[in-house]
Amino acid sequence: MHDPVEKLRADGWAVATHEGRWFPLGLFAAVAEALDTCTADFPEKEEALSILTRPGRDDTKFRVVLLLLERAPLAVRLTDVDLNRDADGFADPSFEEAIDRMRAAADTGRVFVEEAPAPREAPPLDGLSDQETETLLQVALATFPLRERDVAAVVDGYPAGTTAGLVEKGLLEQRPDGVVVPRHIAEALAPRQGERRDDRHERAITMHYGNIRSGDRSYRDYVAVTRHLAQVDGMGDLTKFALDVTKRSRDLAGAALLGEVVAVVPAGNGHYLPLRERQITTLIALGFPKAAREAGRRTLRDVSAWAETYPERDPARFCLGAAHNIYGVALLNDGDPAAAEPIFTRTVDIYHELCAEHRTSIEAHRRLGWALEHLGDVYLNLDGVDEDDLLRTLAECVHVRSQLFEASPDPDTALAASNALKRLAEHSDPDNAARFRGTRLAMLTAMAAAHPDDEDLLAELADAR
């Protein structure tokens, strides 16, 4: 056998194939199917299969895949990886880090990363009925297999059994979860989409929304909606939908969806920075620091280029400050305070300028407080830092947040000021430390009396006491 993967399958290995664009849930399903159909026995096989097939956290399932690659005869085959690339390399840096981590884990198992092979010649596309042609053109726009009822919902007057006939003609591929148009045929069909292309995307969006509303949904429906919206330049709906879908959970599937969406959203879009922040905080929470760092680098690059030409100076600087902050947080979480130091220094400079020009701007001062806190984190983690620089930064953070508390005394501003006072006290001489702790305790005592049901405030007060 010339195919090394098929040779491994013949030798009794479990072989899982992930095709095309990065979809973590598809990887987990493929690995589970490979384990279930593999006759070989190896340690922890049944436990791994159970975790991969039952509801649970994506990061837990990914760790199971890594453990299998470390200890078991598992081959993971990633095909058509070129569909995940753009001018930056991988459009979604989390896919690149996932590949690197799988390769690093594969002591016993193997990971195969394959670009698209040489294009195959598409079979003849003439002699089809109008309904067969329309069915083929519609399914060609899908990036997941479509069930018969999904096809019937998107093709007007769909005659039952049309997909079966197209499978027999070699124009559709039948999979356990539906039919797909093979890539080489979809590419041959692309010039024939014509003026009805956008209408077909809209029909697909309506069908997937119908699945979501009816409860007959999977995460594939959410991803499919974003992919079709991107194709019809439905940017407003696309960005809002992506933020809504990912706001309640931090998982690999959500990170992958955000990675797809943000790659097509321009930096000047009002949702660009919220999407990037959501993506990066999700990747950090999932333990993908390299991907978060690369996403942060792209954020600052894109926003910097946009800000240079944006005619309104203040909004551009607010966005530029946010982009620096997002990148700096990613660098800190990647354990690189030396790289984060100039980024946060620039962030502080930007908000200093804005606060000086807009002395009553609560938002500018609030962001300055966060920038100072992060710069303090850098100094606390960086060797050889001048103690005066650290104390000056921590003291200014206390000053800014105390002013915000005085302007708007509520639990949020109290907690922010309390954290700043605590950090300054920890790095001050005994007399000043006692004074800062006393200020903190008095502030929290008064606020807790005014908000006796705020659990975060009560916990902070207990810590101060």
Side-chain angles (χ1 to χ4, degrees), residues 262 267-268 270-284 289 292-310 312-386 388-404 412-413 415-417 419-420 423-424 427:
V262 81
H271 283 149
Y272 176 83
L273 281 167
L275 285 166
R276 278 297 195 190
E277 185 172 21
R278 178 77 54 80
Q279 177 195 26
I280 290 167
T281 56
T282 299
L283 290 169
I284 289 170
R293 178 177 183 146
E294 174 59 17
R297 183 193 69 80
R298 296 179 190 181
T299 303
L300 181 53
R301 178 202 63 191
D302 294 346
V303 172
S304 296
W306 166 79
E308 286 181 0
T309 59
Y310 192 68
E312 297 182 37
R313 185 165 177 263
D314 285 350
R317 283 188 295 166
F318 269 107
C319 290
L320 198 57
H324 276 84
N325 190 69
I326 289 171
Y327 185 29
V329 168
L331 290 169
L332 264 183
N333 279 274
D334 193 30
D336 195 349
E341 192 271 336
I343 299 299
F344 280 127
T345 297
R346 179 59 185 141
T347 313
V348 169
D349 289 344
I350 290 170
Y351 290 130
H352 272 155
E353 293 171 3
L354 285 164
C355 288
E357 295 172 22
H358 305 277
R359 296 185 180 278
T360 60
S361 171
I362 295 296
E363 182 62 17
H365 285 81
R366 186 184 69 82
R367 293 192 185 195
L368 176 59
W370 281 112
L372 289 163
E373 179 176 317
H374 290 141
L375 186 57
D377 289 336
V378 167
Y379 289 152
L380 290 171
N381 288 280
L382 198 58
D383 294 333
V385 170
D386 189 314
D388 289 342
D389 288 341
L390 170 62
L391 287 174
R392 186 165 47 250
T393 300
L394 297 180
E396 186 182 359
C397 187
V398 167
H399 174 70
V400 170
R401 286 186 163 169
S402 296
Q403 285 188 321
L404 289 170
D412 287 339
T413 57
L415 289 169
N419 180 62
R423 280 162 48 110
L424 180 58
H427 297 276

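In what follows, residues are counted from 1 in the order of the sequence shown.
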Test log, rule salt bridge (Lys or Arg N to Asp or Glu O under 4.0 Å), inputs E396 and R392: CA-CA 6 Å; E396 186 182 359; R392 186 165 47 250; over 6 Å; no
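In this structure, the separation between CG on L424 and CZ on R401 is 12.5 Å, given to the nearest 0.5 Å. Put simply, CG on L331 and CD1 on I343 are 6.5 Å apart, with the number rounded to the nearest 0.5 Å. Rounded to the nearest 0.5 angstrom, E308 CD and L320 CG are separated by 9.0 Å. Going from atom NE2 of H352 over to atom SG of C355 covers 7.0 Å, rounded to the nearest 0.5 Å.
By the side chain to side chain contact (heavy atoms under 4.5 Å, CB included) test, A323 is found to be paired with L273, T299, L300, V303, residues two or more places apart in sequence or in another chain being considered. Every residue two or more places apart in sequence or in another chain that forms a ring-ring contact (aromatic ring centres under 6.0 Å, His included) with F344 is listed here: H374. Every residue two or more places apart in sequence or in another chain that forms a side chain to side chain contact (heavy atoms under 4.5 Å, CB included) with E312 is listed here: Y310, P315. The side chain to side chain donor-acceptor pair (under 3.5 Å) search around T281 returns none, not counting sequence neighbours. In this view, A292 and I280, L283, I284, A330 satisfy the side chain to side chain contact (heavy atoms under 4.5 Å, CB included) rule, not counting sequence neighbours. Taking H427 as the reference, nothing meets the side chain to side chain donor-acceptor pair (under 3.5 Å) condition, with sequence neighbours excluded. Applying the side chain to side chain donor-acceptor pair (under 3.5 Å) criterion to H271, with sequence neighbours excluded, gives T239. Take T393 and apply the side chain to side chain contact (heavy atoms under 4.5 Å, CB included) test, not counting sequence neighbours, and it matches L372, L375, Y379.
The salt bridge (charged side-chain N to carboxylate O under 4.0 Å, His left out) analysis of residues 338-349, with sequence neighbours excluded, yields the pairs R346-E353. Residue pairs meeting the salt bridge (charged side-chain N to carboxylate O under 4.0 Å, His left out) criterion with at least one member in residues 330-339, sequence neighbours excluded: K290-D334, R293-D334, R293-D336. Residue pairs meeting the ring-ring contact (aromatic ring centres under 6.0 Å, His included) criterion with at least one member in residues 316-336, sequence neighbours excluded, do not occur. Listed by first then second residue, pairs satisfying salt bridge (charged side-chain N to carboxylate O under 4.0 Å, His left out) with a partner in residues 376-386 read D377-R423, not counting sequence neighbours.
Contact detail for W306 and A267: the closest heavy-atom pair is CB-CB, 4.0 Å. The two residues C397 and G369 make their nearest non-hydrogen contact at SG-O, 3.6 Å. Of all heavy-atom pairs between V329 and N333, the closest is O-ND2, 2.8 Å. Considering all non-hydrogen atoms of both residues, V262 and Q279 come closest at CG1-OE1, 3.8 Å. Considering every non-hydrogen atom in both T347 and A371, the closest pair reads CG2-CB, 3.7 Å. Across every non-hydrogen atom of S402 and A417, the tightest pair is N-CB, 4.5 Å.
No side-chain heavy atom of V398 sits less than 4.5 Å from a side-chain heavy atom of L394. Between D314 and E357, the closest side-chain pair of non-hydrogen atoms falls below 4.5 Å.
Judged purely by atom type and a 3.5 angstrom limit, N325 has no side-chain atom pairing as donor or acceptor with the backbone of G321.
Using a cut-off of 4.0 Å between Lys/Arg side-chain N and Asp/Glu carboxylate O, E363 and R367 are scored as salt-bridged.
Within 6.0 Å of the CD atom in E373, the count of heavy atoms belonging to other residues, nucleotides or ligands exceeds 12.
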